[in-house]
Every structure is written in C-alpha cells, then in structure tokens.
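Quick note: residue numbers are just sequence positions, from 1. Note that the structure is a prediction, hence the values are computed from the model and not measured. One-based numbering, in listed order, for ligands and for the atoms of each.
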Amino acid sequence: MPATSPVTPFQRVLVAACGSSDVVTLPQSILAMRFALGLQVRVVLSAAAASFVTARAFTAVTGEPAHDEHPGTEAGVAHLDLARWADLVLVMPATANTIGKAAHGIADSLLTTCILAAAAPVVFVPSMNAAMWDRPAVQRNVEQLRADGHGVVPPVGVLALSTGTVTGRGAPPIGDVLQWAADFVGQGRDG
Ligand SMILES: Cc1cc2nc3c(=O)[nH]c(=O)nc-3n(C[C@H](O)[C@H](O)[C@H](O)COP(=O)(O)O)c2cc1C
C-alpha cells in the first residue's frame, strides 16, 4: 500500500478474479484491502482462475466463502446475492477473454453473470501481455466497456511470466487501483 491509503466510497468489494497468471498475487492484495483499509471482500473466480489459485485460498484470505464455478449447496441465487451485496465489483485481474465477454453482454459463467447483474459500479483491472493488450479487438472491447459506463484501470508495465521482461500490461499497486476506483465512483456520483 502507498504511504497515503485511499479513502474509499465503497465498503463491500466483490473481486471477480480471472485466469491471468497475475491472479497468484491477488491473495496478498486482498489481505491489504481487508487489513490496511478495512474493506469487506468476497471473491468469485473463473474456472481458469481456479486453475492457478483455489477457492479455498480465497476463502482463507477473505474470511468469506469464495465462489468458483461449482455451485454450492447454500440457499439463494449466488450471482444475484453477490451482485446485491457489493458496492463495487472489481474484475481483477481481468483477462482479454472476460473483457471481451463483458463487452458483449455474455454471461456464460458465474463470474460473467455477476458482472452483468451488478447494480454497483464495475471496474476492470486488465492483465495480459502487451501484444494481447495492443490488439485492436481488445482495445475495441475496452472502449465498449467504457462506453457502457464501466471503469477500466489503465494498465502499467509489469514483468511478463513468459520472458521475465517488463512486457506485460498489468495492475498498478493495489492502493493505486483502489484510488483509481474511488475516483471513478466519485465522478459517477458527482456527475
Ligand atoms: C499460464 C497462463 C497464463 C495466462 N495469463 C493470461 C493473462 O495474463 N491474461 C490473459 O488475458 N489471459 C491469460 N491466459 C489465458 C486465459 O487463462 C484464458 O484466456 C482463459 O480462457 C481465461 O478465462 P477467464 O477469462 O474465464 O478467466 C493465460 C493462460 C495460461 C495457461
């Protein structure tokens, strides 16, 4: 976290975790969100994300049941309950795949259904290699998300898993992500 932590206009954050390799760093960010900022965090994760980090790990770091693509036995409708609960949906890390689905209103998984059902602001935190990020198809989808009123955090240069060089496009530090989201939500409220 940066020296000055953001003052956030949200308290209950639904993190929608996608299958970027960067998802391995997400548990640490969630701990900072909980214990440095006092946010309540719940996680829904895609099948691809669960192949990197288990739902059990997210349950451990959030203190709340994490939702993967395996339906639980609890009563209620998970995507609606989660969508109602959150006052911010943070799609982090956001893959090219999920960005594309969300831009086209596709809801073929719990995670993408939560995005579509959310009443709260939705902020995407893209993470992928630079070649993917620069593709016209991805940029078109990002523009569509923005046109639909969603936030898309501008990615920064990060270490790419495949080369060990700074050719990835990924999340700024979590404090900066939350500050960006707070500014985005604040702008929406004011205007
Ligand atoms: C090792 C590995 C790393 C990957 N990293 C990324 C990534 O950083 N960004 C991305 O958009 N896709 C990445 N992918 C591809 C996604 O996992 C794939 O598109 C998947 O279908 C995404 O599903 P989801 O959007 O439902 O999570 C990676 C795949 C593998 C096997």
If you measure every N or O of Thr98 against every N or O of ligand 1, does any of those distances drop under 3.5 Å?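 Yes, since at least one N or O of Thr98 sits under 3.5 Å from an N or O of ligand 1.
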
Looking only at N/O atoms, are Asn129 and ligand 1 under 3.5 Å apart anywhere?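 N/O-N/O distance under 3.5 Å: no.
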
Just let me know how [X] lines up against ligand 1, side chain, backbone, both or neither, with a heavy-atom cut-off below 4.0 Å.
X: Phe52; answer: side chain
X: Met132; answer: side chain
X: Ser46; answer: side chain

For [X], the ligand 1 atoms whose distance to one of its heavy atoms is below 4.0 Å:
X: Cys18; result: 27 (O)
X: Ala96; result: 11 (O)
X: Ser127; result: 7 (C), 8 (O), 9 (N), 10 (C), 11 (O)

Can you tell me if [X] uses its side chain to pair, donor with acceptor, with the backbone of [Y] under 3.5 Å?
X: Asp87; Y: Gln11; answer: yes
X: Arg169; Y: Asn129; answer: no
X: Arg146; Y: Val152; answer: yes
X: Ser20; Y: Pro93; answer: no
X: Glu69; Y: Leu110; answer: yes
X: Glu64; Y: Val41; answer: no
X: Asn141; Y: Ala137; answer: yes
X: Thr98; Y: Thr95; answer: no
X: Arg34; Y: Val61; answer: yes

Which residue owns the protein heavy atom closest to [atom], what's the atom, and how far is it?
atom: atom 16 (C) of ligand 1; result: Gly19 O, 3.4 Å
atom: atom 8 (O) of ligand 1; result: Ser20 OG, 2.9 Å
atom: atom 21 (O) of ligand 1; result: Asn97 ND2, 3.9 Å
atom: atom 12 (N) of ligand 1; result: Thr95 CG2, 3.8 Å
atom: atom 20 (C) of ligand 1; result: Ala48 CB, 3.9 Å

Might you check, step by step, whether the distance between atom 28 (C) of ligand 1 and some protein heavy atom is under 4.0 Å?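 Yes, there is one.
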
Considering all protein heavy atoms, does one lie under 4.0 Å from atom 6 (C) of ligand 1?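 Answer yes: something from the protein, a heavy atom, is under 4.0 Å.
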
Is it true that, when you exclude Gln28 itself, more than 12 heavy atoms of the residues, nucleotides or ligands shown sit nearer than 6.0 Å to its CD?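 Counting neighbours around CD of Gln28, 12 or fewer heavy atoms of other residues, nucleotides or ligands fall under 6.0 Å, so no.
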
